[in-house]
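Worksheet for the structure shown next.
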Amino acid sequence: MQWQTKTNGTIGETIYYAPLEGGPELYFLPRKGYHKKYAIFSTRFGSVDNSFYAVDHDEKITLPDGVAHFLEHKLFDDEKGNVFDRFASYGASPNAFTSFTNTTYLFSCTDFFAENFKLLINFVQDPYFTDESVAKEQGIIQQEIRMYQDNPGWRVYFNLLEALYERHPVRNDIAGSVESIGKITKEILYKCYDTFYHPKNMAIFVTGDLLPEKVLELTLENLSQRLFPPFHDMQRLYPEEKAVVNEKKVTQKLPVSQPVFSLGFKDTYSELKGRKLLARELATELLLEMIFGKSGPLYTRLYEEGLIDEHFSAGYTGERSYGHTMLRGETKDPEALHLELLKEIENVKKEGLDKENFTRHKRKMKGNFLRSFNSLEFVANNYLAYRFREIEFFETLDILEAITLRDIEERLEEHLIEELHAVSVIYPLKVEG
Amino acid sequence: MFLDMISLDTNLLPDNINVHLLPTPKFKTVLVTVLIHQVLDKNLAAKTALLPAVLERGTRKYPSFRELAIYLEKLYGAELGADVIKKGERQILSFSLEVVNDKFAQGENLLHQGLSVLKDVIADPFLENGTFKRDYVYQEKDQLAKEIQGLINDKTNYALERCIQEMCPTERFGVYKYGSIEELDPVSAEDLYKYYGSLLRENPMDIFVVGEIDAGETIKMIREAFSIPRDSKSAKLPPVEVYNIPDEVRYHEEKLPVNQAKLTLGCRTNISYGDKEYLDLLFYNGILGGFPHSKLFQNVREKASLAYYCFSRLEKHKGIQLIGSGIEADDYRQALEIILEQLELVKKGEITREEMENTRKGLINMYKIVGDNPYSLVSFYMDGLIGAKEEGIDYFIRKIKDIKMEDVVAAAHKVHLDTVYFLRPEN
C-alpha cells in the first residue's frame, strides 16, 4: 500500500491519500512546526439517516430521533469502562460530535500519537452497549437536551428548519427529544452500528507534524488484524420534500432580552454532490455576502436604525439531500427587519449586482480560505465533511476562481424567492422582578 | 530548551509602546494585536467598553464603517476586531488585525497596509467638530446597552456571571466586562473623546505581532505606523485584590422561566497568577474539574448521570475558581453534595496516582499547543504581562513536571468556598 499525493501550490500544502482495500479511506495532511496532532475517524451516519434498509434486512427500519447522537455517546464505553481515561493517560483530549449527516470521533495530542491513534481506531470499531449503560446515558443526554432548550440561538434555528421542511428529517433536533431518547435500546444501537459503521462507510483524517510512512504503517498494522464482513451499502430513505415551505412563520417565547430572528430560503434539489454542490455553495455564499455583508449598503442602514447588531449573519448549507440559506440576528423589531430583508432582495434583483463588489468578495473569500488553514481541526473536519459529499476540499480555490457573476445572478433568481422563504422568531418572555 | 518554542522578542518604541514579536513560519497569516490596559472600575467600565465600538465605526481616511469594510475586503478579507477583555481587575482594550501573509499575495504589502489601517482605527478616528461623531456614539451606546442586557440570553454564562456578581459586590472584579446601563446612559460624545485622549496618552500599551515576519523590518514598520504622542511614563494600574477568606458560605437563588437549573459555586483560591503556587493551583483545578477524567466530570456526570456538563475553571489573575453545572432542579441537594465531596477529597489528598499523571499530561499538552494558534500565543503572553510572570511556555512545562501530590493538597487548603448560586426554573 502506497500513499498518493496531491499538492496545492496556492496554499502550499500536500495532501496524502491511501485507498485501503475493504477499509476506510485514509488521509494525511503534514503540518510542519505544529505541536498538536489531530486525528478524526468519521462515519456517514447523522441525524437525517433515520429511515433505511439495513445490511441483512429487507424490512424498512425507522429510528426514534437522536440515535446517531446517542450512539456517539455510547461508543466511548467498553468492557473496562470508559476510554476517556485511557486517552487521558496519554495526555490526549478526545471528543466526538454528531451532525445532520455524519458522526466524528477525534482526539488531539502532542505526545504518544501512536498510542492515541490506536485507541481511536480501536474504540470506534469495538462497540459495547448494555441495557444498564444505555439507561445511564439517558440521564446525561436529557440534560444536554434541556440545555439546548434554553438556548435561543439553537431554538430559533430548529424552529426555522421545522418551518422550511415538512418531512425531511433535517427538521428534527440532532439529539432528539426527552421522549424519543427514552425509546432507544441497545438493540437499536447495535443495528445502526452494524449498518453504518462498516469501514467502507468511514474515513480517517490525520494532521500534524508526523511522518507519512508512520501514519500509513500504524493504520495498516491495526486494520490488517481485523476481519471485516463484506460491505452492503445501506439504502437511506428520505421522504419526498415538496418545493414549498411547511409554515411561513414559527414563533416561540423564551426569557431573552430582545427578539431573536431568523429567515430561511429553501433550496429545491433532491440530490446533489461533487463539484456541482461545491460551486453552488460558494456561489450562494458570495451572493449572500454581496447583499447582506458588512460592506453592503443594507448592513449599514439596518445597523444605524438599530435593527441588527454586529452578530447579524448570513450563510448557506448545501448537503446531498437538502440545502438552505439562513439569515440570523437579534433585533428590536423582527417584523420590520423581515420586510427590509425581502425588500432589499427585490431591489437587488431590479438594480443588478456589481462587478467590482463581486471581485472584491471573491478575494475576501480566498483570504478566508487561506486563513482557515491555521486551524488543524478546521481543515480535518471540513475535509471529511466535504469528502462525504464527494467534494475535494483542496479544489475550493479553483472552483471559486471559476465562478462568474452570471452564476451569482442565477442563484439570486432561482434561490432567493419569496415563496420559498420562512421566518422563525423567539420573542421575549416577560421575566418577573 | 527541549521544545522548538516560539520565543518572544520585546522592544520598547520611543512612544512608550512595548512591541512583542513572535516570529514563526507555521501560520498562513500575520496577526497584530494592540492592547491598551485600563483598570476595571465601576465608573469607567461602560465608557471603556464603548470606545472600541466607536473607534471601529470609521477613521479620518475611511469615515464610515462601510468604507472601512470595503477597504479590509480588498486586503484579502483582513479581519479587524475591537473589543474589551476582562482579565482579573483589568479591562483591556484589544484591537487586532489578521492579514494573509504577504507571500500569498505578492506585491500587495498586506501587512504594511494592515498596520496602517489598524493604527488609524486606534489613533486617527473620524471626528466631527473636534470630537467623536455624535451619531456613532449614540448608535454604539444603543448597541452596547443591548449587549449588556443580552447577558441573560446565554444561561450558562449568565449563571457564572451572576455568581461572580454575588460573590464580589464591592470588589472591582464584580463589575461586568461591558459595565452597566446606569453608567452608560449619561456618556456624551465629548466625555468619551476626552476620556479617549487620556487613555491613549497615559495607559500602558502593548503590540503583539505573530507570524512569518522579519523582526527588523516589522519593528521598522510599526515604528513608522504607530507614532502616537504618548507620555514617557505610563499610568500605574492598581494591583488585583486576591486574598480573601470568607467568614461563611453565602447562598443565592434566582428563578427564571428556564428548563434546566444551573448550579454554580464560586471559591476563593488565595493564589494569583503571579504567585509561585499558581501552577499547583492549576494542577489542583485539573484534578477537580478541568478535564473529562477529573473528579467532577467523573462523579457528577459519569457516575450519577446528573449533568451533561460539570467543570471547574480558574480566573487566574483574580484567583477565583468557578464550578458550573446544568442539572434538574430536584437534584440540587444531591449534586451539591457530590461537588462538595469532591472538594473535600482533594483536600484530604485522596487523589490516585492515575489522576495525578493524567492531569500532568493533560496540562503539559495544554501548554504545548499554545504555540499552535496565534490568538492563544497572544493570550498567553498577555497573562504574563498582567501577572508579572514573564517566563516562556518551557518554564510552565518544566514546573508542571515537578509538581507533587503535597503541592496540590497544599493549594487545595488555600481554597475556600465563598458563594453558591442557584438558578432554578420558576415552577
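In the text below, chain A, chain B and the rest are named by the order of the sequence lines, each starting its count at 1.
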Given a strict heavy-atom distance threshold of 4.5 Å, which part of [X] is in contact with chain A: side chain, backbone, both, or neither?
X: B/Leu151; answer: neither
X: B/Tyr136; answer: side chain
X: B/Ile327; answer: backbone
X: B/Tyr138; answer: neither
X: B/Glu147; answer: side chain

Using a 4.5 angstrom heavy-atom cutoff, name the option from [options] with the most pairs to chain A.
options: B/Ala307, B/Ala304, B/Gly362, B/Pro374; result: B/Ala307
options: B/Leu75, B/Asn259, B/Val99; result: B/Asn259
options: B/Arg57, B/Lys303, B/Glu357; result: B/Arg57
options: B/Glu67, B/Met366, B/Lys155; result: B/Lys155
options: B/Thr24, B/Ile369, B/Val100, B/Ile70; result: B/Ile70
options: B/Lys103, B/Arg360, B/Glu140; result: B/Glu140

Checking [X] side chain against [Y] main chain: does a donor-acceptor pair fall under 3.5 Å?
X: B/Asn153; Y: A/Ser257; result: yes
X: A/Asp150; Y: B/Val258; result: no
X: B/Lys146; Y: A/Gln258; result: no
X: B/Lys28; Y: A/Ile11; result: yes

What part of [X] lies closer than 4.5 angstrom to a heavy atom of chain B: side chain, backbone, both or neither?
X: A/Lys32; answer: backbone
X: A/Glu305; answer: neither
X: A/Pro428; answer: neither
X: A/Glu356; answer: side chain
X: A/Asp85; answer: both
X: A/Asn95; answer: neither
X: A/Thr10; answer: backbone

Between [X] and [Y], is there a side-chain N and carboxylate O pair less than 4.0 Å apart?
X: B/Glu98; Y: A/Arg371; value: yes
X: B/Glu108; Y: A/Arg363; value: yes
X: B/Asp372; Y: A/Arg31; value: no
X: B/Glu328; Y: A/Arg146; value: yes
X: A/Glu304; Y: B/Arg66; value: no

Pairs of heavy atoms under 4.5 Å with chain B: top-ranked of [options]:
options: A/Ala92, A/Ser372, A/Ser295; value: A/Ser295
options: A/Leu370, A/Asn368, A/Thr300; value: A/Leu370
options: A/Pro297, A/Gly296, A/Gly153; value: A/Pro297
options: A/Glu137, A/Glu13, A/Gln138; value: A/Glu13

For the residue pair [X] and [Y], confirm or rule out a side-chain donor-acceptor distance under 3.5 Å.
X: A/Glu310; Y: B/Gln143; result: no
X: B/Tyr308; Y: A/Glu144; result: yes
X: B/Asn358; Y: A/Ser89; result: no
X: B/Thr29; Y: A/Asn374; result: yes

Contact check, side chains of [X] and [Y], non-hydrogen atoms, under 4.5 Å:
X: B/Phe65; Y: A/Lys294; answer: yes
X: B/Glu73; Y: A/Lys362; answer: no
X: B/Lys361; Y: A/Tyr90; answer: no

Neighbour count above 12 (heavy atom, 6.0 Å) for B/Glu254 CD: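 More than 12 within 6.0 Å, yes.
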
Does A/Arg301, at its CZ atom, have more than 12 non-hydrogen atoms belonging to other residues, nucleotides or ligands within less than 6.0 Å?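 Enclosed.
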
Just how far is it from atom [atom1] of [X] to atom [atom2] of [Y], taken to the nearest 0.5 Å?
X: B/Tyr375; Y: A/Ser375; atom1: OH; atom2: OG; result: 12.5 Å
X: A/Lys366; Y: B/Tyr76; atom1: NZ; atom2: OH; result: 4.5 Å
X: A/Asp111; Y: B/Asn365; atom1: CG; atom2: CG; result: 7.5 Å
X: A/Asp309; Y: B/Gln139; atom1: CG; atom2: CD; result: 13.5 Å
X: B/Leu72; Y: A/Arg360; atom1: CG; atom2: CZ; result: 10.5 Å
X: B/Cys310; Y: A/Ile140; atom1: SG; atom2: CD1; result: 11.5 Å

Which heavy atom of B/Lys368 sits nearest to which heavy atom of A/His35, and what is that distance?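 The pair with the smallest heavy-atom distance is O-CD2, 3.4 Å.
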
Could you walk me through whether B/Arg301 and A/Gln143 pass the side chain to side chain contact (heavy atoms under 4.5 Å, CB included) test, one step at a time? CA-CA 10 Å; B/Arg301 172 175 153 142; A/Gln143 288 312 317; over 6 Å; no

Could you tell me whether B/Lys26 sits above the aromatic face of A/Tyr34, with NZ or CZ closer than 6.0 angstrom to the six-membered ring centre and within 45 degrees of the axis?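 Cation-pi check for B/Lys26 and A/Tyr34: passes.
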
Only heavy atoms, only distances under 4.5 angstrom. Which residues in residues 286-300 of chain B are near chain A?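 The stretch touches chain A at B/Pro292, B/His293, B/Gln298.
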
